[in-house]
Visitor: 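Just dropping this structure here.
Values in this document were obtained by computation on a predicted structure and should not be read as measured data. Numbering of ligands and ligand atoms starts at 1, following listing order. Throughout, numbering of the chain's residues begins at 1 and tracks the sequence.
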Amino acid sequence: MKSRRLVYEGKAKVLYEGPEPGTLIQYFKDDTTAFDAKKKAVLEGKGVLNNRISEFLMTQLGQIGVPNHFMRRLNMREQLIREVEIIPLEVVVRNVAAGSLSKRLGLEEGTALPRSIIEYFLKDDKLSDPMVSEEHILAFGWASAQELDEIIQLSVRINDFLSGLFLGVGIKLIDFKVEFGRLYEADMVRVILADEISPDSMRLWDLKTNEKLDKDRFRRDLGGVTEAYTEVAKRLGILQEGQDNTGRKGPVLVK
Ligand code: UDP
């Protein structure tokens with residue numbers, strides 16, 4: 001790898017200084033962690049898949065007017081992104097009960113929720129990302145009321161769009177996590193979608209079999225993690241059967 005300035009190293013990604021001011025290079029690692037990084041593994045090829053899947057989803061979202069940090073893919077593991085000031089919240093949108101919501105409220109996994117629900121978690125590893133409310137966010141100034149409004153509106157649009165996109169390829173979008181950042185342009189600041197959207201940050205279940213096609217395969221030792229991510233990429237039309245990274249055709253409609 002070329003020598004360049006490391007800006008930030010996270011659990012699954014690394015950020016390097018980009019070629020122009022206001023840009024960064026986002027590198028997708030094969031490292032996978034769960035349960036506060038107590039469980040770790042290296043899943044060969046995962047970073048390549050997440051780079052492609054996130055590129056695809058961010059591009060599609062951009063086309064429906066959801067502003068995001070993605071600029072272009074540079075290579076198998078890297079993409080050029082706009083530098084933002086990350087708002088320290090993990091925004092989780094849920095359509096079906098699973099994971100921590102099921103535990104917290106005693107809901108059986110797979111129970112459809114009466115409506116989509118948005119939850120917030122404070123990004124703080126030392127505190128294990130505690131759940132917080134709008135009251136906390138506003139009182140402690142992690143986001144302003146206007147920013148929170150934008151975050152909610154964008155999250156709802158992302159959920160509507162991604163739910164439909166995945167449904168079209170035979171996948172149920174159970175829940176997902178997104179992060180937002182402040183983009184400073186001239187004398188303007190706006191909130192845009194940042195980070196990544198990949199099977200590391202979503203729950204995706206096969207529509208017919210309910211088979212898990214996401215990171216729960218790792219969390220729950222189900223095996224076949226990269227195979228599941230590959231299946232998601234193939235259904236989205238990013239990887240064609242027997243091909244690596246060329247000849248993208250777009251999502252394959254499942255009838
Ligand atoms: N999630 C994530 N990063 C986190 C925590 C959760 O991307 O640090 C995603 C997770 O993959 C799922 C959604 O957010 O799609 C909701 O996760 P949940 O709160 O159920 O927590 P978990 O069961 O993953 O601990």
Visitor: Could you verify whether a donor N or O on one side chain and an acceptor N or O on the other, from Arg94 and Ser102, lie under 3.5 Å apart?
Guide: no
Visitor: Which option out of Glu109, Glu90, Glu196, Met131 puts a heavy atom nearest to atom 8 (O) of ligand 1?
Guide: Glu90
Visitor: Output yes when Lys234 and Glu231 qualify as a salt bridge under the 4.0 Å nitrogen-oxygen rule, no when they do not.
Guide: no
Visitor: Any protein heavy atom under 4.0 Å from atom 12 (C) of ligand 1?
Guide: yes
Visitor: Please write down residue, atom name and distance for the protein heavy atom closest to atom 15 (O) of ligand 1.
Guide: Asp175 OD1, 2.6 Å
Visitor: Going by an N to O cut-off under 4.0 Å, is there a salt bridge joining Lys123 and Glu179?
Guide: yes
Visitor: Could you check whether atom 18 (P) of ligand 1 has a protein contact, counting only heavy atoms that fall below 4.0 angstrom?
Guide: yes
Visitor: What atoms of ligand 1 come closer than 4.0 angstrom to any heavy atom of Gly99?
Guide: 20 (O), 23 (O)
Visitor: Quick one: does ligand 1 sit under 4.0 Å from the side chain of Arg219, the backbone, both or neither, non-hydrogen atoms only?
Guide: side chain
Visitor: Taking non-hydrogen atoms only, is Val92 closer than 4.0 angstrom to ligand 1 via side chain, backbone, both or neither?
Guide: side chain
Visitor: For Asp214, which part has a heavy atom under 4.0 Å from ligand 1: side chain, backbone, both, or neither?
Guide: neither
Visitor: Identify the protein heavy atom lying closest to atom 23 (O) of ligand 1, giving its residue, its atom name and the separation to 0.1 Å.
Guide: Arg203 NH2, 2.8 Å
Visitor: Under a plain distance cut-off of 3.5 Å, with no hydrogens placed, do Asn75 and Glu78 share a side-chain donor-acceptor pair?
Guide: yes
Visitor: When you measure from the side chain of Ser163 to the backbone N and O of Asn159, does any donor-acceptor pair fall under 3.5 Å?
Guide: yes
Visitor: Could you check whether Gln79 and Gln26, counting side-chain N and O atoms only, form a donor-acceptor pair closer than 3.5 Å?
Guide: yes
Visitor: Please determine if Lys39 and Asp221 form a salt bridge, counting it only when a charged side-chain N lies under 4.0 Å from a carboxylate O.
Guide: yes
Visitor: Provide, to 0.1 Å, the distance between atom 9 (C) of ligand 1 and the closest protein heavy atom, together with that atom's residue and name.
Guide: Lys177 CB, 3.6 Å
Visitor: Under a 4.0 angstrom heavy-atom cut-off, which atoms of ligand 1 come close to Asp200?
Guide: 7 (O), 11 (O)
Visitor: To the nearest 0.1 Å, how far is atom 20 (O) of ligand 1 from its closest protein heavy atom, and which atom is that?
Guide: Ser100 N, 2.8 Å
Visitor: Under a 4.0 Å N-O cut-off, is there an ion pair linking Lys172 with Asp206?
Guide: no
Visitor: Does Glu119 reach ligand 1, in the sense of a heavy atom lying below 4.0 Å from it?
Guide: no
Visitor: Check the side chains of Asp200 and Tyr229 for a donor-acceptor pair under 3.5 angstrom, ignoring hydrogens and angles.
Guide: yes
